[in-house]
Amino acid sequence: MKVAITGATGFVGNLLVQRLHAKGHKIVVLTRNTAFAQKVFPSEAFPNIEIVAYTPNASGSWQSVISSCDGVVNLAGEPIGEGRWTPERKQEILNSRKLGTQKIVEAIANANPKPTVLINASAIGYYGTSETATFDETSLSGNDFLAQVCQAWEAEATKVKDSGVRLVILRFGIVLGNGGALGKMIPPFKLFAGGPIGSGRQWFSWIHVNDLVNLILQALSKSEIEGIYNATAPNPVRMADLSQTLGQVMNRPSWLPVPAFAIEALLGDGAIVVLEGQQVIPKRTVETGFEYKYPNLQSALTQILN
């Protein structure tokens, strides 16, 4: 296959490119920073990769590269968990997803021949937050800022169906691996200062990065997979359990809770990402027969940390 990928230099995209390359597929990396992408994927190590400069929020000549591709994986979006949510930052978070997806869909509509599939990222923030509810792919959306972002993001992706292209929307949980959210949690534990964040009762719906990449690969190759799937492990945990398991795997105590006000002081409105969660079940994902390598938190953290 030939696959175009946005967000290819990110945490998930990087591993996806490596896996596709190892299988002998051709990859078009759409990036805002070609110099950085060339450092991440040097041509001598990745001869099957074409690096193309693109402007996510604007039409341009970059869109023509979609014509030669069999599939498109759209992972791009401004990080939501870094820095305070000023009005400007919230607009960036929204635009990077809504307009970025709009331009990818536009490129597919104009492509000849067209790719057969678009795999578009979304997030479990779609459901809003709750300490008591359980959500699956059929659940209604929430009404907070992240839920509104996900609704707008998915609405743009859905327009690709007008071009007769198969659409798979993956609502990502919190991705665990060497980096990402876990990378920020590990240092305090190393210093014997780890513990649950906030009340500890909030739900933490997660997925191991290897399982997420396998899910994307399955969606690329299996034509019967279509629609919305939760990209989460089948066993979500509460924050207190995450903290305790992380302490056990690292052989460190988990006794020093991080108070909610400290996170709020650092992140403002963005604190909702870690202080409030949602219990998300990957009902449709399991029904496809997808086999998780890391269905339980203990096995996932053990693999990552060891």
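Of the listed residues (N230, T138, D136), just one forms a side-chain contact (heavy atoms from CB on, under 4.5 Å) with K283, and that residue is D136. When each of R89, K98, R97 is tested with E78 by the rule salt bridge (Lys or Arg N to Asp or Glu O under 4.0 Å), just one qualifies, namely R89. The one candidate from V213, N178, L212, L20 that meets the side-chain contact (heavy atoms from CB on, under 4.5 Å) condition with L15 is V213. Checking each of T232, V209, D211 against V175 for a side-chain contact (heavy atoms from CB on, under 4.5 Å) leaves exactly one that passes, namely V209.
Between the side chain of K26 and the backbone N or O of I49 there is no donor-acceptor pair closer than 3.5 Å. At distances below 3.5 Å, not a single donor-acceptor pair connects side-chain atoms of D241 with backbone N or O atoms of V237.
Taking the six-membered ring wherever Trp is involved, the centroid distance between the rings of Y294 and Y292 does not fall below 6.0 Å.
Salt-bridge check for R201 with E131: passed, with a basic side-chain N closer than 4.0 Å to an acidic carboxylate O. Salt bridge present: E154 and R171 bring a charged side-chain N and a carboxylate O closer than 4.0 Å.
Taking each heavy atom of A4 and I66 in turn, the nearest pair found is CB-CD1, 3.9 Å. Closest approach of S122 to W153, counting heavy atoms only: CA-CZ3, 3.5 Å. When all heavy atoms are compared, the tightest approach of T129 to E276 is OG1-OE1, 2.7 Å.
E106 and S59 are linked by a side-chain donor-acceptor pair at a separation below 3.5 angstrom, with hydrogens and angles left out of the test. Side chains of S243 and S254: a donor-acceptor N/O pair is present below 3.5 angstrom, by distance only. Remark: the Q279 side chain and the T134 side chain contain an N/O donor-acceptor pair separated by less than 3.5 Å. Between the side chains of T31 and N33, no donor-acceptor pair is found at a separation under 3.5 Å.
Between F41 and F46, the ring-plane angle classifies as perpendicular under the 30° and 60° cut-offs.
Other residues, nucleotides and ligands contribute at most 12 non-hydrogen atoms within 6.0 Å of the CZ atom of R32.
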